[in-house]
Amino acid sequence: MSRQDGAPLAGARRAGTPGERAQLAVSFAILAAGVAAGLVLLAAGPPRDAAVIALLVLAAVLSGVQGMLTD
Amino acid sequence: VIAAPPVRGSAAGSTAIAFSAHLAGLVSGSLAVAAVPFVIGTELGHPPRWVLGLLAAFLAAASARLPWLKLRGSPWRVPSSWGRIGRVPYAAMFGFTLGTGLLNALSSPAYFLLLAWSSVTGSWPAVVVVSGAFSLARALPVMVTTALSGRDDGALPEVLRRLRSVASYLFSVEAIALMALAVVWL
């Protein structure tokens, strides 16, 4: 099938719209920031239990608030 | 904004009683659900931490809104007809269902990690702290809307708009926290 048939290229279909690509880039940047934060935590050395609890409390607060505001 | 029980009464004391009942319901619902994986983990053995790490990484990806990862909560909602049981019991019951985090709309992907972590940690006080934080966070918007609902200066819609605006960015902070936990556990 040629471009003249009006069908988009397979690669273009996979890549999505510019908005979707931008969202994907933001998502991966957020995940990369999380990896960096985890590595900093590991580099800081033990004791990590308090830091883990603090992150869990943060996740719990964010989860609770988001659930009430974004439904 | 998720529907919340009408805790505001005709007097300040009445409002405080209904809100306290709602808060008690939230805390007990949250603890009741967290106790299940905690007991399972304690009795049957704790899952290895790398399993928790893998789950945290997956949930971080879902929280970061990768387009092919969408988690859905229960479609069930507290029926408004339950309001017939009375304002205070209704507030408590409503709080309990919200506190479970599973009976109605999913709070966020991080909630699943909190439950899974309850099965890994051997510390019940730590579970109480984390579940308590979840409960208080769920009570916060109800507290704000209740405090503002008696005013007729139009402050409530504006406050809700601002809260929703802030909430739309919280997912990224949550994803960072989850991914950091994944790195620590893997």
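Only a predicted model underlies this, so the values are computations on that prediction, with no experimental measurement involved. Chain letters run A, B, ... following the sequence lines, proteins first and then strands; every chain starts at 1.
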J.: Is there a path of hydrophobic side-chain contacts, each under 4.5 Å between heavy atoms of I, L, V, M, F, W or Y residues, that connects Val183(B) with Leu52(B)?
T.: yes
J.: Do you know the tightest heavy-atom contact between Ser27(A) and Ala64(B)?
T.: OG-O, 2.6 Å
J.: What part of Leu66(B) gets closer than 4.5 Å to chain A, counting heavy atoms only: side chain, backbone, both or neither?
T.: both
J.: In this structure, would Phe96(B) and Val27(B) fall into the same cluster of hydrophobic residues linked by side-chain contacts under 4.5 Å?
T.: no
J.: What part of Leu56(A) gets within 4.5 angstrom of chain B, counting heavy atoms only: side chain, backbone, both, or neither?
T.: both
J.: Would you say Leu59(B) ends up clustered with Leu186(B) if hydrophobic residues are merged whenever their side chains have heavy atoms under 4.5 Å apart, either directly or through other cluster members?
T.: no
J.: With chain B, which of Ile53(A), Ile30(A), Val26(A) has the greatest number of heavy-atom pairs at distances under 4.5 Å?
T.: Ile30(A)
J.: Minimum heavy-atom separation for Leu58(A) to Val173(B), with atom names?
T.: CD2-CG1, 4.4 Å
J.: Can you give me the closest heavy-atom contact between Glu174(B) and Gln66(A), atom names plus distance?
T.: OE1-NE2, 2.7 Å
J.: Using only non-hydrogen atoms and a strict under-4.5 angstrom cutoff, which residues of residues 116-137 of chain B touch chain A?
T.: Trp117(B), Ala126(B), Val129(B), Val130(B), Ala133(B), Phe134(B), Ala137(B)
J.: Treat each ILVMFWY residue as a node, draw an edge where side-chain heavy atoms are under 4.5 Å apart, and state whether Phe94(B) and Val88(B) are in one component.
T.: no
J.: So, taking the atom named CE in Met179(B) and the one named CG in Leu55(A), what distance separates them when rounded to the nearest 0.5 Å?
T.: 13.0 Å
J.: Which bit of Leu31(A) is near chain B, if near means a heavy-atom gap under 4.5 Å: side chain, backbone, both or neither?
T.: both
J.: Is Leu62(A) linked to Phe112(B) within one hydrophobic cluster, defined over Ile, Leu, Val, Met, Phe, Trp and Tyr using a side-chain heavy-atom separation of less than 4.5 Å?
T.: yes
